[in-house]
Every structure is written in structure tokens, then in C-alpha cells.
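Every number for a ligand or one of its atoms is a count from 1 in the order of the listing.
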Amino acid sequence: MKAVTYSEYGPPSVLHVEEVEKPIPKDDEVLVRVMAAEVTKSDIEMRRFRFAVKWFWLPMRLAFGVRRPRRRILGGYFSGIVESVGSKVTGLGKGDQVFGSAGMRFGAYGEYLALPMSYLIVDKPVNMSFEDAAAVPLGGLNALHFLRLANIQPGDKVLINGAGGSIGAYGIQIAKCMGADVTAVDSKIKESFVRRMGADHFIDYTKDDFTTSGQTYDVIFDMVPDSAYSACINILKPNGRYLSGNPRLSVMIRSIFTTRFTDKTARVAFAGETREELSTLKAMIENGEITSILDRVYPMDQAADAHRRVETEQRVGAVVMRIGDTGDA
Ligand SMILES: NC(=O)c1ccc[n+]([C@@H]2O[C@H](COP(=O)([O-])OP(=O)(O)OC[C@H]3O[C@@H](n4cnc5c(N)ncnc54)[C@H](OP(=O)(O)O)[C@@H]3O)[C@@H](O)[C@H]2O)c1
């Protein structure tokens, strides 16, 4: 089968399409013919081996290869068609159209992906293309997980920092479904995109600092790794909730004190990825409550360009790779 591979950490040019062995599913595994994979910030971080959260470096390097990557095929989030299932697999069968997460196993940049049935593989929303569906799990799962923790009530003022990215785009839509009044913070080029996702207000972080605007919020959902923790806590209303997707050590420690000694709550966490959450997202998509907006779709042999597009943050919407299409046609 064809796959986009890398055999050294580095710039986008380390990515190449090559023939690799097709995986053979074990008894408890599902073999998916991948149709599309989202190109995510995590793929970029793994390729160049630089992380927004610095302490990730050592444990990740030990786990994923000290001198060169042990897992040579990136891609954590996919859509596709079940090709075959092992003898112990129940609930999925050949021909099912699915979407899901390969988690830290990666591998979705290859034409076939074998995953244990315990992994997140759920029926694809019927009203979505494979490309659109591949863009759902990362952003949707993280946004749903964190915003449920925020216990949003109708009318709550919610600020999403980094709202124009993969997670933020779903965060806006899900917060709106929960009845929130949403302020999106990102750079100017993302304004029309985040408004299309449902944002009520927009702040361009390159011009204005939301922490000094005089506005206060019930919830701040923060995707920006180096944002000012105290300044965010200060503009929360009484009983306000701060949620961060970037588990920096300093913020993890300070969040314990905020939660214990003030009337505000701070949560800094890794999002779990559950079948219930992905099934909820599927239902929300089929009900027309949330959707994907794609920036560009790239064939496999333009994987390096797809990575550049994500890395330079010029995208407005998700960047997706069509798998199995090397652009020769
Ligand atoms: N906790 C977890 O389980 C988990 C899981 C996945 C990801 N994450 C983390 O969550 C973060 C967001 O992920 P993502 O995939 O949504 O990233 P993303 O798609 O790159 O989105 C980040 C957005 O933030 C914007 N931004 C950058 N600097 C900003 C600033 N100072 N103020 C406001 N906006 C700013 C970026 O736009 P511009 O650069 O164009 O301005 C971009 O639109 C990442 O740091 C990622 O590592 C956490």
C-alpha cells in the first residue's frame, strides 16, 4: 500500500510517499481503508519534534524514537471504509463507513490502518463526505470534552482563545448549541470563519488584549499555550471556569490553588476520547447542529504542502489529506 512516511524528524520535506507493507489485522483488530485524514497540529509537532508544552519532549522522545521516529506513518484522525475485521471483532463489518481516532498509534496517512476494536471507530455521519468527516474527531472530541467540563448554562458568556483552530472551531459551535454567548479570539484572517461557526463577538489578538478589555466571562476555553494564566483568571466572573488544553506544569500547579482557594475553577487536562463523545458528535452533525469547514484538501504526494499550510497558520478551516490519491490522476 501507499503511505506518507518520514524517517527523520525535521521540516515538511522529510515527508514522502512510499510503498509499505499493508497491515494484517489481528483477531481483535479492524482494518480500515482510509479515505481521508486531518493534518493536525499534533502531526506537525511529531514531525518536527517541537511541542507547545515543553515537558512533553523527553517522554515523547523516549516513547516515539530517540534518534528517528519509530512510527513512520503519521495521522491520528481519519475517515474510511472497513475492509475486514478480525474474528473477535463485533459491531463493525466489511463495508461500514467509519470515522475515528488512531490516537498515539497514528498511521492514518497510509491507505490501510489496522486498529484494535477498543479504539474509536464509529459510523461516519451519513450527511458528510469522507473529507469533512476526517476533520471532526480531533476538534470535536476535544471541544466537547472540555465544554462539558465547563457546565455551560444558557446565556453564559464564553470566551474561546485560539478559536480559529481545529479545536476552537468546534468549541464555538458546541458552545452555541449549549446556549452560550461566544467571544472568539484569534487573528484577523480567521474573523469571517469564526463568525460563520457562530461566534457572536470577535477579538483580534494581534491588536487587542482581551484580558484588559474590561469584559468578564463565565467560561474561558484557552487553546493558546503561552497565554497569561493570572490575567485570564482575573477576568472570570464569580464561579467562573477556566479550561486549558495545554497542560503546562506551571498552569497545572496554579490551577489546583485557584480551584481550592477561590470561587473559580481551573481545569488543565488531556481530553479523553470516548465512543460516547464521538457518537454524540455524529448525532449533532446529522441533526445539523455542527459541521466541518475545510480549508484545503491535498493529495498524498502534496503532504509536505499540507503540513506547511498548517504550520504557517494561514489556513481558515481544517486541512485534510485525501488518502489513496497521489495526485497522478
Ligand atoms: N489537551 C489535549 O488533550 C489536547 C489535544 C489536542 C491538542 N491540544 C492542544 O490544544 C491547542 C490547540 O489545538 P488546535 O489543534 O486547535 O491548534 P490550531 O488548529 O493550531 O489552533 C490554534 C489557533 O490559535 C491561534 N492563536 C495563536 N496564537 C494565539 C494567541 N496568542 N491568541 C489567540 N489565538 C492564537 C492560531 O492562529 P494564528 O497562529 O493564525 O494566529 C490558531 O487559529 C494546541 O496547543 C494543542 O497542542 C491539546
Side-chain angles (χ1 to χ4, degrees), residues 38-57 60 76-77 101-104 106 120 134-149 159-174 183-194 197 199 201-213 220-229 231-232 242-249 251-252 255 266-274 277 292-295 306-320:
E38 185 179 359
V39 177
T40 69
K41 209 52 171 295
S42 304
D43 294 335
I44 307 299
E45 291 185 333
M46 291 301 295
R47 190 209 70 229
R48 65 185 180 192
F49 226 83
R50 274 210 314 272
F51 300 92
V53 178
K54 303 283 181 266
W55 67 263
F56 281 4
W57 196 94
M60 295 290 273
Y77 300 91
S101 168
M104 297 311 269
F106 295 96
L120 262 193
V136 174
L138 165 71
L141 288 167
N142 277 280
L144 184 64
H145 178 85
F146 283 106
L147 291 175
R148 278 176 165 174
L149 290 177
L159 180 136
I160 302 182
N161 194 24
S166 297
I167 300 174
Y170 274 93
I172 297 169
Q173 299 181 76
I174 293 169
T183 299
V185 184
D186 212 302
S187 55
K188 182 73 185 162
I189 58 163
K190 314 274 172 78
E191 179 170 1
S192 61
F193 170 66
V194 298
M197 297 283 94
H201 318 279
F202 176 76
I203 297 173
D204 175 359
Y205 79 86
T206 63
K207 280 214 201 98
D208 299 309
D209 178 356
F210 67 87
T211 65
T212 57
S213 70
I220 295 178
F221 181 26
D222 193 0
M223 249 72 59
V224 176
D226 52 1
S227 58
Y229 177 77
C232 288
Y242 173 80
L243 300 131
S244 170
N246 288 288
R248 280 187 293 152
L249 277 178
V251 173
M252 286 164 90
S255 69
R267 300 285 292 267
V268 188
F270 293 100
E273 296 186 341
T274 69
E277 287 168 339
S292 292
I293 301 282
L294 301 189
D295 173 77
H307 270 229
R308 282 185 200 103
R309 183 85 185 153
V310 174
E311 202 157 9
T312 55
E313 291 294 0
Q314 293 308 297
R315 69 194 162 122
V316 180
V319 170
V320 165

What residue and heavy atom of the protein are closest to [atom], and at what distance?
| atom | answer |
| --- | --- |
| atom 3 (O) of ligand 1 | A271 N, 2.8 Å |
| atom 21 (O) of ligand 1 | G165 CA, 3.1 Å |
| atom 39 (O) of ligand 1 | E313 CG, 3.2 Å |
| atom 24 (O) of ligand 1 | G162 CA, 3.3 Å |
| atom 40 (O) of ligand 1 | K190 NZ, 3.0 Å |
| atom 45 (O) of ligand 1 | N246 OD1, 2.7 Å |
| atom 15 (O) of ligand 1 | S166 CB, 3.7 Å |

Please confirm whether D186 approaches ligand 1 to less than 4.0 Å, judged on its heavy atoms. yes
Sub-6.0 Å ring centroid separation between Y242 and F221: no
Any idea which part of [X] is under 4.0 Å from ligand 1, heavy-atom wise: side chain, backbone, both or neither?
| X | result |
| --- | --- |
| M223 | both |
| R315 | side chain |
| N142 | side chain |
| Q314 | neither |

Indicate whether any N or O donor in one side chain lies under 3.5 Å from an N or O acceptor in the other, for Y77 and S42. no
Any side-chain donor paired with an acceptor under 3.5 Å for D222 and S227? yes
Near [X], which atoms of ligand 1 are under 4.0 Å from a heavy atom of that residue?
| X | answer |
| --- | --- |
| S187 | 38 (P), 40 (O), 41 (O) |
| N161 | 32 (N), 33 (C) |
| G245 | 1 (N), 2 (C), 4 (C), 8 (N), 9 (C), 48 (C) |
| V224 | 29 (C), 30 (C), 31 (N), 32 (N), 33 (C), 34 (N), 35 (C) |

Restricting to heavy atoms, the pick from Y170, F210, F193, Y205 nearest atom 31 (N) of ligand 1 would be Y205
For atom 14 (P) of ligand 1, which candidate among L141, I167, V319, I160 holds the nearest heavy atom? I167
Is the CZ atom of R148 crowded by more than 12 outside heavy atoms at less than 6.0 Å? yes
Looking at V310, is its backbone amide N or carbonyl O close enough to the side chain of Q314 to form a donor-acceptor pair, meaning the two atoms are under 3.5 Å apart? no
Would you check if H307 and D43 make a side-chain contact, meaning some heavy-atom pair closer than 4.5 Å? yes
Are the side chains of E45 and R50 in contact, using a 4.5 Å heavy-atom criterion? no
How far does [atom1] of [X] sit from [atom2] of [Y], to the nearest 0.5 angstrom?
| X | Y | atom1 | atom2 | result |
| --- | --- | --- | --- | --- |
| S244 | R248 | OG | CZ | 7.0 Å |
| L243 | N142 | CG | CG | 12.0 Å |
| R309 | D295 | CZ | CG | 4.0 Å |
| E313 | I44 | CD | CD1 | 9.0 Å |

